[in-house]
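Every number for a ligand or one of its atoms is a count from 1 in the order of the listing. On a predicted model such as this, the values are computed, not experimentally measured, just so you know. Counting from 1, the numbers follow the sequence of the chain as shown.
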Amino acid sequence: ALPQLLDDPHVEERSGLLNMTKIAQGGRKLRKNWGPAWVVLTGSSLVFYRERPPQSASLQGWARAGSRPESSVDLRGAALASGCQLSSRRNVLHIRTVPGHEFLLQSDEETELRDWHRALRTVIERLDRE
Ligand code: I3S
């Protein structure tokens, strides 16, 4: 059952609090609006919540309790790059999805952002091979 579980596109790979702003929606440029987001990376998508779940709750339990993600994007075919040319902030990642949704993720912790970069790259490369 374990390999099957690891292949489940809904299994959480990583989650954490990051600063986030959308910069484009369906190819149309948006005005930046940086804010904190609880970000969940699964095997196929990136999901954004307004606040972090209570420590005690599983994500599924929390979702059932009525906490809806603010947004989520499918990572299949997404492009991942440094976002440093797109912001004056340090440690910025830029993600562009196939439908043209673009956003920046940022952390003041360099190692935290590097770990996110690696985790996102792993998921996107795995989806590319499918
Ligand atoms: O890419 P920009 O336009 O330099 O981004 C900055 C602006 O969005 C700014 O808001 P205004 O729309 O009121 O100018 C934000 O407050 C800044 O945070 C944006 O730049 P950074 O470098 O933080 O991504």
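Protein heavy atoms are found inside the 4.0 Å sphere centred on atom 8 (O) of ligand 1. Protein heavy atoms are absent from the 4.0 Å sphere centred on atom 15 (C) of ligand 1.
Looking from atom 17 (C) of ligand 1 to the surrounding protein, the closest heavy atom is Trp34 CD1, 4.4 Å. Residue, atom and distance of the protein heavy atom nearest to atom 11 (P) of ligand 1 are Arg31 NH2, 3.6 Å. Closest to atom 20 (O) of ligand 1, if we only count protein heavy atoms, is Lys32 NZ, 3.6 Å.
Close approach of ligand 1 to Ser88 (heavy-atom distance below 4.0 Å) involves ligand atoms 21 (P), 22 (O), 23 (O).
Atom CZ of Arg89 is surrounded by more than 12 heavy atoms from other residues, nucleotides or ligands within 6.0 Å.
With Trp38 as the aromatic partner, Arg50 does not meet the cation-pi criteria of under 6.0 angstrom to the ring centre and within 45 degrees of the ring axis.
Cluster annotation: Val92 is not connected to Phe103 through the hydrophobic network of ILVMFWY side chains, with a link wherever side-chain heavy atoms come within less than 4.5 Å.
Contact check for Lys22 versus Asn33: no side-chain heavy atoms found under the 4.5 Å cut-off.
For the side-chain contact (heavy atoms from CB on, under 4.5 Å) test with Leu46, the passing option among Leu105, Val40, Asp74 is Leu105; the others fail.
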